Chemist: 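Take a look at this one; I'll ask things after.
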Amino acid sequence: MPMESILKDQIETMIHAAHEAGRDMLYEHEVYGILHTMGIHVPRHVLVTSADTITRELLHAIGGPKLVMKIVSSAVTHKESAGGVRMVHADPDFVRYTFEKMTAAFEEMGVPVEGVLITERVDYNPELGNEILLGFRESETFGPILSFSKGGSDAEFFAKHFSPPNLILAPVDRSWTSALLESSHIYEKFKARGRETDVSRIVDAGVAFSNLAVAFSTTFDHGTRYVITEFEVNPLVFSEDGRFVAIDGFARFEKRGALPDLAIAPKETMTPFFEPNGIAVVGISTSDNAKPGNIITANLIRMERDDIFCVNPRGGTLSIEGHELPIHTSLEDIDAPVDLAIITVPAGATLPVVRECAKKGVKAAILIPGGFAELDKNRDLEDEIAAIAKEAGFRLIGPNCLGIIYEGSEGKKGLNTFFIPEDKFSVSMEQENKVAILSQSGALGIIEIDNLKNAISPKVIVSYGNQIDVDPCDLVTHFQDDDRVNVIGCYIEGFKPHAGRKFFNAVQASNKPVIVYKAGRTEEGRKATESHTASIAGEYAVARAAIKQAGAIVADTMVDHGDFIKTFALMNDFTVSGNRVAIIANAGYEKTYAADNLGKLVIADFDEATLDALRAIIPPMVEANPLLDLTPMADDAIFEKSIEIMLKSPDVDALMVSIVPQSALIHTTDEEIRTNPDNIAARIIRLVHKYKKPVAVSVNVVSRADAVYNELGRTLDAGGVPTYLTANRAMVCLNAFINHRLTRNHAQPLSDRLKG
């Protein structure tokens, strides 16, 4: 709910007064003023600028036998650590004496002093949960982000070593604010103590903070002249007299600049990258077919394109892949439409080519070379190129990228701009798993696709590089409406200013799973550390929280990223009815390993019919239960029958199957997989596609060149059954898939989206 205009006006008046005084921060009593306006309790207080004004009547109005005195100075942020906080008896003479001592001490250090804030001492029990930190900061990338955590003087230490802050992008309503609180460890204590009223008061404060953050954010236009860049209360406490009180406050602000453009360009502007009519490859070598432009041309020929135009100012003819292609001296020399220009010349030679693109009327260009913003001397070159493209109305991918591999569509040829020789890297498009890989790093895209080649064939891979124009927001938006793509995987190293908020909006609007690995987890983010909120919520933490809130699946490691893509692609058309899982293994330790990694899954509870069916087929020494250890005495048939009984059971929503392949009674070796058509892999594949319930398989063996079980995992993956090397990996991936589906279908609380 937006902040009322009268409240905004009152708060802006307070901020404007501080700005007119030459400050970019608010004193604590000014923060109290804002909080009071928002309906949040603050201590009784008074700003004193002269000892003469300290009277018995003044102190009596504040109340209490003890008072707190705090130095007021624009040069002192952490007052307590600087010696600027004193606890005193409410005696006028002693308070006057303390005032003189405090102000003199700071003035002797050359610190300007505006006065001393005298506040009531708020009595409260400082146990965990009674002190909380609530704040927000304006992220240059994502806009306003709320932070909730344990408060007090040790907030940073606690966040670093015990529990990181819980973060959420504003604006949020009561349901999202409740989810933020419920995703925290502190909530469990409130819940256990039956403190529902206190929870409600925290939620109310969170909504108020969200409204304030949005009203004074650079991301939104609410008619305010200032942006609050940091705002924090630490701590908010539950006092012994029943109030919920903001004890200490801090805020910084700045004048509002231009409103950022958060609009994502129309989808049709992206089409020429993937379905162009006419492709010009600029930077062809007349003597070396190992050059990037020549390799790209060879790739396009192999994709049976007949609209390829080679460009080199020297002209001539290119002999490649059994074809003789004329080399045009410029783009304007091409007497045919050119939708897409692929520019492979060195960075220093790109500007004239981009100007030619504008004159030719191309609709899209891919800048392959590096050496742009990565080098200080070429930072301005990107800006100049982007300006030319924007004025001419064409889109840009890159620079410093590999570009695009695209399968094509009905009636449209594909394209491949990855300048890697075919004998070193090729992409099979045979599998019917509809995946888009969108990677800032081309090398990572190559490695990930190679690792997943047995399970998926990507419909498209985009290496987008420095994001001079096209970024993940554009790409997710483009493919979310594409029926040929079911799963979108993103590798993101960084966002340009405000692009994080755009990505959040794009993912939130997507009806497809978006799996994101965000690099840069160790970066400190913004260097502003005046408040705890800024120091404990760096840009990686903000990005991770925002992406999860938007509904994406966040991969904490690159192994997770690849495994999640495989899982979501292979299980795309499976039914998720709940989170009850059963486990089948032929080794006790694998069963235990799986059970130790349930995550948000719960062990199924079998009815008697299911238990009786299992007892009829399992070895006599095996106990029938949802954690089924078949032992090495089980053969292919027993495995198959056990799997079918569990998948048929109405008590089972998902299944994890663990195979230790060294067992003598099951067909698992490469030779057995090749020669026995009814091997264990074939049986599992048939059942999984018959019942369409989520099934993950663990083949517990080291995968190496000389292993004799590699074909087992490959066959399962190729057959549409996601397979992993450990029970832990299988359970992690089942969790991610099932929790995403249940949260998306509102069968799980919103807090599950924010946890972890």
Side-chain angles (χ1 to χ4, degrees), residues 433 435 451-452 454-456 487 513 515 553 555-557 559-587 589-604 626-630 639-640 642-647 649 652-661 666 668 680-701 703 709 712-742:
N433 303 302
V435 175
N451 288 339
L452 296 173
N454 296 310
I456 68 169
V487 178
I515 299 162
I553 302 94
D556 287 327
T557 68
V559 173
D560 284 343
H561 193 250
D563 282 351
F564 289 171
I565 289 171
K566 176 170 75 173
T567 303
F568 279 76
L570 298 188
M571 295 187 186
N572 177 69
D573 60 347
F574 288 14
T575 300
V576 176
S577 302
N579 66 341
R580 299 167 301 173
V581 65
I583 296 166
I584 298 176
N586 63 342
Y589 80 92
E590 273 288 273
K591 177 187 74 171
T592 304
Y593 197 17
D596 284 344
N597 289 278
L598 286 174
K600 294 184 177 70
L601 304 180
V602 297
I603 297 297
L627 291 171
L628 188 61
D629 176 9
L630 290 174
F639 252 107
E640 179 182 22
S642 300
I643 291 170
E644 182 152 33
I645 289 168
M646 289 192 175
L647 290 177
S649 171
V652 174
D653 301 312
L655 181 65
M656 200 287 283
V657 179
S658 174
I659 301 171
V660 177
I666 52 177
T668 55
I680 186 67
R683 292 169 187 252
I684 292 173
I685 290 167
R686 284 198 301 268
L687 290 173
V688 168
H689 290 291
K690 178 180 178 180
Y691 291 96
K692 295 291 186 181
K693 288 184 178 180
V695 177
V697 175
S698 163
V699 177
N700 196 249
V701 62
S703 180
Y709 306 104
L712 174 59
R714 291 173 187 153
T715 301
L716 286 164
D717 272 348
V721 181
T723 305
Y724 314 90
L725 291 178
T726 66
N728 168 261
R729 295 305 311 156
M731 295 302 287
V732 165
C733 293
L734 266 183
N735 261 284
F737 179 73
I738 291 171
N739 191 59
H740 174 75
R741 281 286 185 88
L742 292 178

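This structure is a prediction, so every number in the text was calculated from the model and none was measured. Atom set for the values below is all heavy atoms of this structure, side chains included, hydrogens, waters and symmetry mates excluded.
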Chemist: Nearest 0.5 Å, please: how far is OG in S642 from CG in L687?
Modeler: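 Here the rounded value is 10.5 Å.
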
Chemist: Do you know the tightest heavy-atom contact between L452 and I565?
Modeler: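 Result for this residue pair: CD1-CG2, 4.1 Å.
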
Chemist: Checking Y589 against V660 for the side chain to side chain contact (heavy atoms under 4.5 Å, CB included) test, could you report, in this order, the C-alpha distance in whole Å, the side-chain angles of both residues, the deciding distance, and whether it holds?
Modeler: CA-CA 10 Å; Y589 80 92; V660 177; 3.9 Å; yes

Chemist: For Y724 and A730, which heavy atoms make the closest approach, and how far apart are they?
Modeler: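 Closest approach of Y724 to A730: CD1-CA, 3.5 Å.
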
Chemist: Is there a donor-acceptor pair under 3.5 Å between the side chain of N735 and the backbone N or O of K600?
Modeler: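 A pair under 3.5 Å: yes.
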
Chemist: Could you go through R686 and E640, starting from their C-alpha distance and side-chain angles, then the distance that decides it, and tell me whether this counts as side chain to side chain contact (heavy atoms under 4.5 Å, CB included)?
Modeler: CA-CA 10 Å; R686 284 198 301 268; E640 179 182 22; 3.5 Å; yes

Chemist: Any sub-3.5 Å donor-acceptor pair from D653's side-chain atoms to R580's backbone N or O?
Modeler: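 Between the backbone of R580 and the side chain of D653 there is a qualifying donor-acceptor contact (under 3.5 Å).
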
Chemist: Determine, stepwise, if the pair N597 / V732 fulfils side chain to side chain contact (heavy atoms under 4.5 Å, CB included).
Modeler: CA-CA 7 Å; N597 289 278; V732 165; 5.6 Å; no

Chemist: Would you compute the distance between atom CZ of R683 and atom CD1 of I666 and round it to the nearest 0.5 angstrom?
Modeler: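 It comes to 11.0 Å.
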
Chemist: Could you go through the side chain to side chain contact (heavy atoms under 4.5 Å, CB included) check for L570 and V721 one step at a time?
Modeler: CA-CA 7 Å; L570 298 188; V721 181; 5.9 Å; no

Chemist: Short question: side chain of H689, backbone of G719 - any donor-acceptor pair under 3.5 Å?
Modeler: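 Yes, the answer is positive, given that a donor and an acceptor are paired below the 3.5 Å cut-off.
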
Chemist: Would the distance check show the side chain of K693 and the main-chain N or O of V688 forming a donor-acceptor pair, the cut-off being under 3.5 Å?
Modeler: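 No, because the side chain of K693 does not come within donor-acceptor range (under 3.5 Å) of the backbone of V688.
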
Chemist: Flag the pair I583 / L655 as yes when at least one side-chain heavy-atom distance between them is below 4.5 Å, and no otherwise.
Modeler: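 A side-chain contact is absent here, since even the closest heavy-atom pair is not under 4.5 Å.
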
Chemist: Give me the atom names and distance for the closest heavy-atom approach of T668 to P661.
Modeler: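 It is OG1-O, 2.7 Å.
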
Chemist: Does a side-chain heavy-atom distance below 4.5 Å link L742 with V576?
Modeler: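 Yes; the side chains approach each other to less than 4.5 Å.
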
Chemist: Below 4.5 Å, heavy atoms only, C-beta onward: do M656 and I584 meet side chain to side chain?
Modeler: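 No, their side chains stay 4.5 Å or more apart.
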
Chemist: Mark yes or no for whether T557, through its side chain, and A555, through its backbone, hold a donor-acceptor pair below 3.5 Å.
Modeler: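 No, the answer is negative, given that no donor and acceptor are paired below the 3.5 Å cut-off.
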
Chemist: What are the two closest heavy atoms between F639 and V657, and how far apart are they?
Modeler: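 Distance-wise, the nearest heavy atoms are CE2-CG1, 4.0 Å.
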
Chemist: Can you give me the closest heavy-atom contact between A736 and F568, atom names plus distance?
Modeler: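 For A736 versus F568, the nearest heavy atoms are O-CZ, 3.5 Å.
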
Chemist: Quick check: do L716 and V699 have side-chain heavy atoms less than 4.5 Å from each other?
Modeler: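 Result yes, sub-4.5 Å side-chain heavy-atom pair found.
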
Chemist: For the atom pair CD1 (I643) and CD1 (I684), what is the distance rounded to the nearest 0.5 Å?
Modeler: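 So the gap between those two atoms works out to 4.5 Å.
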
Chemist: Any heavy-atom pair between the side chains of I553 and F737 that's under 4.5 Å?
Modeler: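 The answer is no, as the side chains (C-beta and beyond) never meet within the 4.5 Å cut-off.
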
Chemist: Rounded at 0.5 Å granularity, tell me how far CG in N454 sits from OG1 in T715.
Modeler: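 If we round to the nearest 0.5 Å, N454:CG and T715:OG1 are 8.5 Å apart.
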
Chemist: Kindly compute the distance separating CZ (R729) from OG1 (T726), expressed to the nearest 0.5 Å.
Modeler: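 Separation between the atoms: 6.5 Å.
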
Chemist: Without swapping roles, check the side chain of K591 against the backbone of D629 for a donor-acceptor pair under 3.5 Å.
Modeler: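 No, K591 side chain to D629 backbone: no donor-acceptor pair under 3.5 Å.
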
Chemist: Look only at the side chain of D717 and the backbone of T723, and say whether a donor-acceptor pair between them is shorter than 3.5 Å.
Modeler: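 Indeed, once roles are kept as given, a pair shorter than 3.5 Å links the two residues.
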
Chemist: Would you kindly say whether Y593 and S658 are connected by a side-chain donor-acceptor distance under 3.5 Å?
Modeler: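 Side chains of Y593 and S658: no pair found under 3.5 Å.
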
Chemist: Return yes if some donor-acceptor pair links the side-chain N/O of H561 with the main-chain N/O of I515 below 3.5 Å, else return no.
Modeler: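 Present.
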
Chemist: I need the minimum non-hydrogen distance between V652 and A582, along with the two atoms involved.
Modeler: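 The pair with the smallest heavy-atom distance is CG2-CB, 4.1 Å.
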
Chemist: Once you round to the nearest 0.5 Å, how far does NZ of K566 lie from CE of M571?
Modeler: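 The CE atom of M571 is 10.0 Å from NZ of K566, to the nearest 0.5 Å.
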
